[in-house]
Amino acid sequence: MADEKTIPAYDAEAIETKWQRIWESEDTFKARDDSARPKKYVLEMFPYPSGDLHMGHARNYTIGDAMARQARMRGFEVLHPMGFDAFGLPAENAAIKHGVPAGAWTYANMDTAIKTMKRMGFSYDYDRLVRTCDPEYYMWGQWAFLKMWEKGLAYRATSPVNWCPSCNTVLANEQVVDGRCWRCGSVPEKRELSQWYLKITDYAQELLDGIDALDGWPERVKAMQRNWIGRSEGAEIDFALADEDGVTPTDRLITVFTTRPDTIYGTTFFLLPPESALAAELVAGTPAESAYLELKRSVEQVSSVDRQGSGREKHGVFTGRYVINPLTGRPLPIWVADYILLDYGTGAVMGVPCGDQRDFEFARTFGLPIPPIIAQRDDPLYEQLKDVQDMVVAEVDWDHAMDAEGYLIQSGPFTGLLGGKHSPAVDAIIEYLSERGLGRKTVQFRLRDWLISRQRYWGNPIPMIHCDCCGDVPVPYDQLPVLLPEALDLGAGETLAEYAPFYETTCPACGRPARRITDTMDTFTCSSWYYLRYCDPRNDELPFSKDAADRWMPVDNYIGGIEHAILHLLYSRFWTKVMRDLGMIDCDEPFENLLCQGMVKDANGGTMSKSRGNVVPPSSVIEPYGADTMRLAILFIAPTEKDFNWDEEAVAGANRFIKRAWRTVWGLAGSADGARELDVPSLDAVSAELWRRLNELGLKCTADFDRGQFNTAISAVMELVNDASKYVQDVPAERRDGALCARVAHDIVAMLSPICPHWGEELFHEALGATASLYDEPWPAFDAEQAKSSMVEIVVQIKGKVRGRAMVAVDATDGELEEAAKAAVAAQLVGKDIKKIITVPGRLVNIVAV
RNA sequence: GCGGGCGUGGCGGAAUUGGUAGACGCGCUGGAUUUAGGUUCCAGUGGGCUAGCCCGUGAAGGUUCGAGUCCUUUCGCCCGCACCA
């Protein structure tokens with residue numbers, strides 16, 4: 001019998017070290033490919049090894065670990081792997097700064113991080129560890145590139161790209177955030193370069209459609225992806241370039257894209273972007289040329305940051321040339337304007353000042369006419385022009401464009417139709433244009449192809465060879481991997497492009513001397529499929545076997561930061577679909593449920609950063625309190641998806657609870673009677689109530705775990721610990737039910753163990769006498785029937801206001817409920833007329849009386 | 001401008017389908033233990049007053065026997081995208 005004096009002290013460090021050693025030596029968390037249990041794949045976004053782990057990692061992995069451990073107890077075969085996104089620029093920078101090879105720096109950091117992961121007690125299957133900078137991993141990225149090359153999904157093209165002058169490399173569109181480099185914050189320059197791309201646009205429609213089925217993803221992430229893909233329905237319309245006389249159409253057509261073909265009768269000018277080759281050609285040698293060149297130059301000087309914002313003043317130059325409006329036959333002056341983008345749509349726009357705010361502002365700036373072609377029913381113009389097909393009113397006096405729905409006026413045969421996005425007028429005009437070969441219905445995406453080449457050393461080499469005779473030739477599969485050389489002297493500024501032992505080779509097609517491509521792939525290519533490699537991490541014939549991937553995929557629970565809402569999560573969806581089309585897997589969405597955990601801020605709500613000096617390192621909590629307290633605090637302070645401010649008091653509170661629960665379990669264990677089965681009918685009233693609470697709170701805790709709502713799961717266990725400790729305190733030892741004590745102790749330990757695993761194992765073995773791991777133990781079963789009490793307190797309302805309470809049998813009939821309720825508030829019903837009585841069994845009775 | 005989300009005590013936050021608002025914890029107040037501090041334990045803790053009633057989930061309406069929850073309007077905040085035609 002344990003009393004206060006014999007309960008061992010809670011020594012977190014000793015307990016945690018002990019169990020970490022046992023789990024490791026017993027392979028407790030190995031995922032078995034041949035298990036008959038249903039699978040669950042729990043995954044946290046793998047870290048970049050830039051040093052030790054920080055609080056954000058600790059939170060991310062604690063959430064995943066609690067899920068993984070609970071899933072195991074719930075009978076799943078759990079795959080819970082970890083790895084490192086190990087290529088990237090910080091390693092190169094460190095190499096240059098400290099003179100250490102990038103690889104050595106990276107591997108040392110990974111070792112540090114693994115130590116911390118183990119110290120936190122995360123239940124990873126370390127046998128499946130993946131490091132993206134290992135040749136055994138990255139060669140399969142090269143393999144995938146070659147497969148995509150064969151399918152036409154990888155290609156080389158020359159176009160204006162974002163060049164980061166500080167990182168000395170190009171960036172993908174997705175990596176330019178708010179007009180700045182996602183990593184270093186520099187403003188990228190536009191450069192015309194030959195670069196390598198993956199054709200993610202081939203999957204634009206499928207990537208968009210797939211979002212609808214991602215029920216387990218947060219709305220905001222789905223919204224961001226939809227936004228990024230940016231589908232627009234509209235029409236392409238061909239405008240004939242006019243001869244130099246400005247009125248005679250030539251054979252040369254310039255096509256525009258518009259979502260509002262219904263407004264074509266309101267077009268009064270035609271727009272090209274400053275970078276347009278056509279614009280340069282049109283003005284060459286004309287009086288407009290110098291003004292055009294000046295505009296072009298000024299646009300190049302303005303950064304893309306400053307070019308943003310709809311309030312910006314618009315600049316333009318008239319080229320002196322015209323196109324012909326295909327429906328009205330009227331000539332339209334061609335202007336070059338700085339608000340037109342070269343790489344969206346067709347790079348040419350019809351200017352409709354009446355229906356588009358930007359065009360409106362442009363027209364006002366340059367004195368171009370703004371004829372009304374759309375009006376709402378309550379607009380006087382509507383009455384005046386609803387039947388007028390010809391242009392009668394050539395100018396409006398509005399102060400902004402009318403871009404809402406309205407009825408077409410002065411619009412030829414389409415006058416009177418309802419116009420707007422997806423309107424009858426749009427359909428009618430597209431049909432009219434199509435029949436005459438002047439235009440066609442089309443869909444535009446904002447999504448661009450994924451620019452994957454980087455002019456950096458520490459990355460996965462693109463497995464291509466350039467031969468002067470044969471062009472770009474793929475490295476044969478049997479020559480993979482293209483190894484990244486380790487002998488480069490980064491400190492001296494040497495690059496792959498200058499390192500002859502790497503780039504000198506022969507052409508696989510003709511055998512003549514040729515040069516390897518010295519660009520490496522964007523690190524996001526490495527992180528786009530690591531979750532597939534975990535399924536079969538040591539395969540040396542394929543990136544993964546189909547059997548293994550089909551067994552484990554999709555990832556059931558994916559946990560990580562919101563910062564990857566577009567980049568990583570979109571690329572991974574794309575990669576998965578490519579693998580599916582290669583016949584490598586059956587599934588076509590990699591992540592079933594996505595949880596974006598909130599940030600850990602400092603005590604004042606500020607972002608933790610080294611430069612601010614407000615970083616709370618995980619070790620500062622582990623050392624005084626232990627990993628279990630840290631895990632408990634992280635999960636209890638706030639719901640997983642919300643930001644929280646680091647709170648030293650709350651951590652101390654978590655430690656207080658874990659110690660109290662420790663004492664309570666030992667106290668219960670001291671009264672336990674392992675030999676006897678729990679006999680519920682024989683329990684006395686106090687014991688029966690504890691039994692009922694165990695079932696009630698156990699059910700709540702289980703449901704909260706299933707929803708990933710750890711803060712309330714913990715609060716349910718806290719309530720149970722409160723009740724149990726009161727029981728031990730109030731009931732004399734000889735009157736406690738030993739079997740009940742054993743059961744309650746066991747269930748408290750089991751329910752808290754996904755969160756405080758070392759604490760759980762120690763109590764399970766030392767206080768409760770178990771011999772096998774707690775994680776081979778099934779999650780406790782609770783019974784909804786046993787959670788009910790025989791009597792229940794109901795609320796008695798009069799006209800919806802609480803006026804009294806009554807104890808009734810839980811299975812009381814409506815009539816009994818009414819009688820009990822009336823008795824409880826009899827005094828307040830005197831002289832009143834009861835109109836109606838509503839009864840809600842087990843909850844309340846509402847008496848409507850006046 | 002477009003899209004997503006959120007407003008509940010001093011604080012973090014609870015509240016399946018509309019059914020006792022504020023679970024659980026932090027903090028605070030009082031008490032016990034203690035030489036003291038800390039620890040632990042007990043009691044209390046939304047606001048108001050005339051002390052058993054009134055008011056209370058950003059605000060105002062509505063539906064309902066009954067609204068934090070549903071509907072309408074409105075205010076405030078956060079996040080993402082944005083000269084995308």
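Note on naming: letters A, B, ... go to the chains in the order of the sequence lines (proteins, then strands), and numbering restarts at 1 for each one.
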> If you find the nucleotide of RNA chain B closest to A:R446 and the one closest to A:I566, which residue's nucleotide is nearer the 5' end?
Replying inline: A:I566

> Among B:rC24, B:rA85, B:rG12, which nucleotide sits nearest the side chain of A:A638?
Replying inline: B:rG12

>> Testing the basics here: between A:G419 and A:A425, what is the closest heavy-atom pair and its distance to 0.1 Å?
In response: CA-CB, 3.8 Å

>> My understanding is that only one of A:D427, A:I237, A:V256 makes a side chain to side chain contact (heavy atoms under 4.5 Å, CB included) with A:P261; could you say which?
In response: A:I237

> Does some side-chain heavy atom of A:L207 sit less than 4.5 Å from a side-chain heavy atom of A:W228?
Replying inline: no

> In chain order, what residues pass the ring-ring contact (aromatic ring centres under 6.0 Å, His included) check against A:F636, with sequence neighbours excluded?
Replying inline: none

> Roughly how far apart, to the nearest Å, are B:rU20 and B:rU57 at atom C1'?
Replying inline: 15 Å

> Expressed in whole Å, how much space separates the C1' atoms belonging to B:rC71 and B:rU63?
Replying inline: 7 Å

> About how many Å separate CG of A:D338 and OG of A:S298, when rounded to the nearest 0.5 Å?
Replying inline: 7.0 Å

>> Quick check for you: to the nearest 0.5 Å, what is the distance between A:L694 atom CG and A:L699 atom CG?
In response: 9.0 Å

>> Using a 6.0 Å cut-off, check whether atom NZ of A:K441 has over 12 heavy atoms from anything other than its own residue.
In response: no

Within the sub-3.5 Å range, which N or O atoms of nucleotides 14-18 of chain B have a protein N or O partner, and how far apart are they?
| unit_1 | atom_1 | unit_2 | atom_2 | d |
| --- | --- | --- | --- | --- |
| B:rA15 | OP1 | A:Q709 | NE2 | 3.0 |

> What is the nucleic acid contact for A:Q797, judged by heavy atoms within less than 4.0 Å: base, sugar-phosphate only, or nothing?
Replying inline: base

Are any protein N/O atoms closer than 3.5 Å to N/O atoms in nucleotides 1-10 of chain B? If there are, list each pair with its distance.
| unit_1 | atom_1 | unit_2 | atom_2 | d |
| --- | --- | --- | --- | --- |
| B:rG4 | O2' | A:R220 | N | 3.3 |

> Are A:L594 and A:P218 side-chain neighbours, meaning at least one heavy-atom pair lies under 4.5 Å?
Replying inline: yes

>> For a quick check under 3.5 Å, do A:N722 and A:R660 share a side-chain donor-acceptor pair by atom type?
In response: yes

> With sequence neighbours excluded, what pairs up with A:D238 under the side chain to side chain contact (heavy atoms under 4.5 Å, CB included) test?
Replying inline: A:L253, A:T255, A:R440

>> Between C1' on B:rC81 and CD1 on A:I562, what's the gap in Å once rounded to a whole number?
In response: 13 Å

> A:Q729 side chain: which of B:rC24, B:rC42, B:rC84 is closest?
Replying inline: B:rC42

>> I want to verify a distance call: between B:rA85, B:rG19, B:rG25, whose nearest atom is closest to the A:N722 side chain?
In response: B:rG25

> Quick one: side-chain hydrogen bond (donor to acceptor under 3.5 Å, both in side chains) pairs with a partner in residues 710-720 of chain A, sequence neighbours left out?
Replying inline: A:R693-A:E719, A:D704-A:T712, A:Q709-A:T712

> What base-paired stems does RNA chain B take part in, with at least 3 consecutive Watson-Crick or G-U wobble pairs and both distances under 3.5 Å?
Replying inline: B:1-7 with B:75-81, B:10-12 with B:24-26, B:27-32 with B:40-45, B:46-49 with B:52-55, B:58-62 with B:70-74

> When you measure from the side chain of A:V840, which nucleotide among B:rG25, B:rG19, B:rA85 comes out closest?
Replying inline: B:rG19

> A:Y571 and A:E174: side chain to side chain donor-acceptor pair (under 3.5 Å), yes or no, with the steps?
Replying inline: CA-CA 10 Å; A:Y571 295 147; A:E174 289 80 2; 3.0 Å; yes

> ring-ring contact (aromatic ring centres under 6.0 Å, His included) with A:H315: which residues, sequence neighbours excluded?
Replying inline: none

> Between A:I748 (CD1) and B:rC24 (C1'), how many Å, whole number?
Replying inline: 15 Å

>> Please report the distance separating the C1' of B:rA67 from the corresponding atom of B:rG61, rounded so that it comes out in whole Å.
In response: 14 Å

> How close or far is atom C1' of B:rG12 from atom CZ of A:F644, stated in whole angstroms?
Replying inline: 10 Å

Shorter than 3.5 Å, N or O on both sides, protein versus nucleotides 68-71 of chain B: list them out with atom names.
none

>> If you only use heavy atoms from C-beta on, which nucleotide in B:rC83, B:rG25, B:rG19 is closest to the side chain of A:N846?
In response: B:rG19

>> Can you tell me which nucleotide in B:rG12, B:rC26, B:rU20 comes closest to the side chain of A:L844?
In response: B:rU20

>> With a 3.5 Å cut-off and heavy atoms only, can you find an N or O donor on one side and an acceptor on the other between the side chain of A:K314 and the base of B:rC83?
In response: yes

>> Minimum heavy-atom separation for A:I429 and A:D262, please, with both atom names.
In response: CD1-CA, 3.6 Å

>> Counting only side-chain heavy atoms from C-beta out, which of B:rC65, B:rC84, B:rC41 sits nearest to A:R663?
In response: B:rC41

>> Give me the distance, rounded to whole Å, that separates B:rC77 from B:rC28 when you measure between the C1' atoms they each carry.
In response: 29 Å

> Using 4.0 Å as the upper bound for N to carboxylate O, is an ion pair formed by A:E689 and A:R692?
Replying inline: yes

> B:rG19 C1' sits how many Å from A:L817 CG, rounded?
Replying inline: 13 Å

Which protein N or O atoms sit under 3.5 Å from an N or O of nucleotides 51-55 of chain B?
| unit_1 | atom_1 | unit_2 | atom_2 | d |
| --- | --- | --- | --- | --- |
| B:rC54 | OP1 | A:R803 | NH2 | 3.3 |
| B:rC55 | OP2 | A:K801 | NZ | 3.4 |

> How far does the P atom of B:rG13 sit from the matching atom of B:rC26, given to the nearest Å?
Replying inline: 16 Å

Tell me which donor-acceptor pairs under 3.5 Å the side chains of residues 646-654 of chain A have, and how far apart each pair is, sequence neighbours excluded?
| unit_1 | atom_1 | unit_2 | atom_2 | d |
| --- | --- | --- | --- | --- |
| A:D647 | OD1 | A:E649 | N | 3.0 |
| A:D647 | OD1 | A:A650 | N | 3.4 |
| A:E648 | OE2 | A:Y625 | OH | 3.4 |

>> Roughly how many Å apart are B:rC2 and B:rU8, using the P atom of each and rounding to a whole number?
In response: 26 Å

> Residues in ring-ring contact (aromatic ring centres under 6.0 Å, His included) with A:W335, at least two apart?
Replying inline: A:F318, A:F362, A:F366

> Of A:K836 and A:D643, whose closest RNA chain B nucleotide lies nearer the 5' terminus?
Replying inline: A:D643

>> Test: salt bridge (charged side-chain N to carboxylate O under 4.0 Å, His left out). Region: residues 838-847 of chain A. Which pairs qualify, not counting sequence neighbours?
In response: none

> To the nearest angstrom, how far is A:E563 atom CD from B:rC79 atom C1'?
Replying inline: 13 Å

> Can you say whether the rings of A:Y344 and A:F257 are parallel (under 30°), tilted (30 to 60°) or perpendicular (over 60°)?
Replying inline: perpendicular

> Counting side-chain heavy atoms from CB outward, which of B:rA85, B:rC84, B:rG19 is closest to A:V349?
Replying inline: B:rA85

>> I'd like the P distance from B:rG9 over to B:rA60, given in whole Å.
In response: 15 Å

>> Just to be sure I understand the rule, does A:F636 reach a base, reach only the sugar-phosphate, or reach nothing, if contact means heavy atoms closer than 4.0 Å?
In response: base

>> Measuring only the C1' atom in each nucleotide, how far is B:rC53 from B:rU40? A whole number of Å is fine.
In response: 39 Å

>> What's A:R656 touching, base or sugar-phosphate or nothing? Going by heavy atoms closer than 4.0 Å.
In response: sugar-phosphate

>> Output the rounded distance in Å from CD (A:Q357) to P (B:rA85).
In response: 15 Å

